[in-house]
2 protein chains.
Amino acid sequence: MKLLDIIDNTPIPVGYRIAFLTNFWREPLLRRMEREFGLIRPEWTVLICLVYRDGLNSRDICEVTEQPSNSISRGVAALEEKGLIHRRPDPQDARRSLLFITDEGRAMHDQVMDLFVRAERSILEVLDAEETRVLTGLLDKLARDVVRWSHLPPYKPIDTDV
Amino acid sequence: MKLLDIIDNTPIPVGYRIAFLTNFWREPLLRRMEREFGLIRPEWTVLICLVYRDGLNSRDICEVTEQPSNSISRGVAALEEKGLIHRRPDPQDARRSLLFITDEGRAMHDQVMDLFVRAERSILEVLDAEETRVLTGLLDKLARDVVRWSHLPPYKPIDTDV
DNA sequence: GGAAATTAGCTCCATATGGAACGATATTGT
DNA sequence: ACAATATCGTTCCATATGGAGCTAATTTCC
């Protein structure tokens, strides 16, 4: 790949490497998922969240994934139509449903997740165990700080009326 | 964020953290770019590549960014229409144009890139200089190995006729 | 308590995105 | 030299995506 040195020539060294990896790592898998399993992103997002914790509502999912509510709403509707999740009214708030994954939903999740697991194993082969541990830790540190930075410019204007 | 622990409950610890960060870090900036500058992803992709190296062709850009050729083709056409790049025939291959960024294109790139630079600075604040260096190095290691892993399953079937 | 403001999630609509197909050109194989 | 195959980038078309708007429910404010 003759232009790979582009990753050295960027004013955003971490962001650009993450974007580069996303283009080659995640996006092709999402496209394959769509082709082979007929699942689009919002549906996958909902499945992942419900495997982590059953009985969430749409708002929860939007919040932890930063996806627009209309996308998640469509994902939820499609998954219910496919029998991969079902909805129950939320007794605490009549505007909300609680979302539950079905056995078929869990099976679908596991099939697709297998793709991602195999990819990650292959990609991380170039790192030793310590490097993988460090990398995970540093990404973790950024992710756990998301509430702070996602409320600052350039994500949100400075709120001068705190 | 009450569901942040989802990042601990994944069979793909690195991939999931990168995806999580992408959702909160990059995607909102791309959406803001589209809103404020009227640039969509393929256009931004082309601008970045031409700032790195002027005179590339579409194929080069598709290769180093793993974007589909039709997306890049549309991006090129739009940028030319906007006066941000111009095309010249490639004397070595009549199927190709060489793409050159204009001064306005470079100015646009710099304006948008400022958004990404500011975000990166803010997000990386939680790391010290050594951590940032290590993180960049590890991501770099994965990115530089892209030719290997992108030709393996699950990206490509094993080629048994090597 | 009631009005005003906010929230939840849905639907609509415009636009972004990616696969397929294609014509022109280049490369490979005989 | 020529036919077969592959490549390049464009165009078409179907579908994915996100902003706006909306109704119903909830929360906040007076």
Side-chain angles (χ1 to χ4, degrees), chain A residues 2 22-24 26-46 49-50 55-82 85-99, chain B residues 2 22-24 26-46 49-50 55-82 85-99:
Chain A
K2 60 188 199 263
T22 296
N23 284 343
F24 282 90
R26 186 180 178 223
E27 297 289 332
L29 293 180
L30 290 173
R31 296 199 281 263
R32 181 170 166 182
M33 175 183 79
E34 186 180 332
R35 212 169 47 236
E36 296 188 6
F37 298 95
L39 283 186
I40 57 176
R41 275 164 224 239
E43 293 166 29
W44 180 232
T45 295
V46 173
C49 289
L50 295 184
L56 296 175
N57 60 58
S58 287
R59 176 72 234 151
D60 291 327
I61 295 173
C62 294
E63 185 179 306
V64 76
T65 60
E66 191 70 6
Q67 296 307 289
S69 69
N70 65 334
S71 296
I72 298 300
S73 179
R74 281 197 310 265
V76 166
L79 289 175
E80 191 179 34
E81 179 66 30
K82 292 171 182 176
I85 68 169
H86 55 250
R87 299 191 239 205
R88 294 289 179 266
D90 183 346
Q92 296 191 338
D93 188 335
R95 298 172 298 180
R96 293 197 299 221
S97 302
L98 301 178
L99 311 173
Chain B
K2 62 185 198 257
T22 296
N23 284 342
F24 281 91
R26 186 182 179 220
E27 296 289 331
L29 293 180
L30 290 173
R31 295 199 282 261
R32 182 170 165 181
M33 175 184 78
E34 188 181 331
R35 214 167 50 234
E36 297 188 6
F37 297 95
L39 283 187
I40 58 175
R41 277 163 222 239
E43 294 166 26
W44 180 231
T45 295
V46 173
C49 290
L50 295 185
L56 296 175
N57 61 56
S58 287
R59 175 74 236 151
D60 291 328
I61 294 174
C62 294
E63 185 180 305
V64 76
T65 60
E66 191 71 7
Q67 296 307 291
S69 65
N70 65 335
S71 297
I72 297 301
S73 179
R74 280 197 312 264
V76 166
L79 288 176
E80 192 178 37
E81 179 66 32
K82 293 171 182 176
I85 68 169
H86 56 251
R87 295 190 243 205
R88 293 290 179 266
D90 183 346
Q92 298 192 339
D93 189 332
R95 297 171 297 180
R96 293 197 299 222
S97 303
L98 302 179
L99 311 172

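To find a chain, count down the sequence lines: A is the first, B the second, and so on, and within it residues start at 1. Below, all heavy atoms of this structure are taken into account, side chains as well, without hydrogens, waters or symmetry copies.
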Query - Donor/acceptor link under 3.5 angstrom from A:R95 side chain onto base of D:dT26 - result: no

Requested in this report: Compare all side-chain heavy atoms of B:L56 with those of B:L99 and state whether any distance is below 4.5 angstrom.
Outcome: no

Query raised in the report: Between A:N57 and B:N70, who's closer to the 5' end of DNA chain C by nearest nucleotide?
Result: A:N57

Report task. Check the distance between C:dG9's C1' and A:I85's CD1 and give it to me in whole angstrom. Result -> 13 Å

Query raised in the report: Roughly how many Å is it from CZ in A:R96 to P in C:dA8, rounded to a whole number?
Result: 7 Å

**Report entry** Options C:dG9, D:dG9, D:dA25, nucleotide nearest the side-chain atoms of A:A94
**Finding:** D:dA25

Query raised in the report: Can you tell which of C:dC10, D:dG19, D:dT10 lies closest to the side chain of A:P68?
Result: D:dG19

Report summary line: Distance col, row A:I61:CD1 vs A:L50:CG, nearest 0.5 angstrom, shows 5.0 Å

Report task. Send over the distance from A:L30 CG to D:dT17 P, rounded to a whole Å. Result -> 9 Å

Query raised in the report: Under 4.0 angstrom, heavy atoms only, what part of the nucleic acid is A:S58 near: base, sugar-phosphate, or nothing?
Result: sugar-phosphate

Query raised in the report: Roughly how far, to the nearest 0.5 Å, is the CD1 atom of B:I40 from the CG atom of B:L30?
Result: 11.0 Å

Report task. Among the candidates D:dC8, C:dA8, C:dT17, find the nucleotide nearest to the side-chain atoms of B:S71. Result -> C:dT17

Query raised in the report: For B:S73 and A:P42, take the nucleotide of DNA chain D holding the closest heavy atom to each; which residue's nucleotide lies nearer the 5' end?
Result: B:S73

Requested in this report: Give a yes/no answer on whether the side chain of A:R87 brings an N or O atom under 4.0 Å of OP1 or OP2 in C:dA8.
Outcome: no

Requested in this report: Grab the CG-P distance between A:D93 and C:dT6 for me, whole Å please.
Outcome: 17 Å

Query raised in the report: Between D:dT15 atom P and A:R35 atom CZ, what is the distance in whole Å?
Result: 16 Å

Query raised in the report: Under a 4.0 Å N-O cut-off, is there an ion pair linking A:R41 with A:E27?
Result: yes

Report summary line: Value for CD (B:E63) from OG (B:S58), rounded to nearest 0.5 Å, stands at 12.5 Å

Report summary line: Ranking C:dG18, C:dT17, D:dA16 by distance to the side chain of A:E34, first place goes to D:dA16

**Report entry** Non-hydrogen side-chain atoms of B:P91 and B:L98 separated by less than 4.5 Å
**Finding:** yes

Report task. Return the value, rounded to whole Å, for the distance between atom CD of B:Q67 and atom P of C:dG19. Result -> 10 Å

Query raised in the report: Would you call A:I72 and A:R59 a side-chain contact if the rule is heavy atoms closer than 4.5 Å?
Result: no

Query raised in the report: C:dG18 base to B:R74 side chain: any donor-acceptor pair below 3.5 Å?
Result: yes

Requested in this report: Given side-chain contact (heavy atoms from CB on, under 4.5 Å), test B:L39 with B:L79 step by step and report yes or no.
Outcome: CA-CA 9 Å; B:L39 283 187; B:L79 288 176; 4.1 Å; yes

Query raised in the report: Hey, which of these two, A:C62 or A:E27, hits DNA chain C nearer its 5' end, going by closest nucleotide?
Result: A:C62

Query raised in the report: For residues 75-82 of chain A, which residues have at least one heavy atom under 4.0 Å from DNA chain C?
Result: none

Query raised in the report: Quick one: is C:dT17 close enough that its OP1 or OP2 comes under 4.0 Å of any side-chain N or O from B:R41?
Result: yes

Query raised in the report: In whole Å, what is the span from the CE atom of B:M33 to the P atom of C:dA16?
Result: 11 Å

Query raised in the report: Between atom CZ in B:R59 and atom C1' in D:dT10, what is the gap in whole Å?
Result: 14 Å

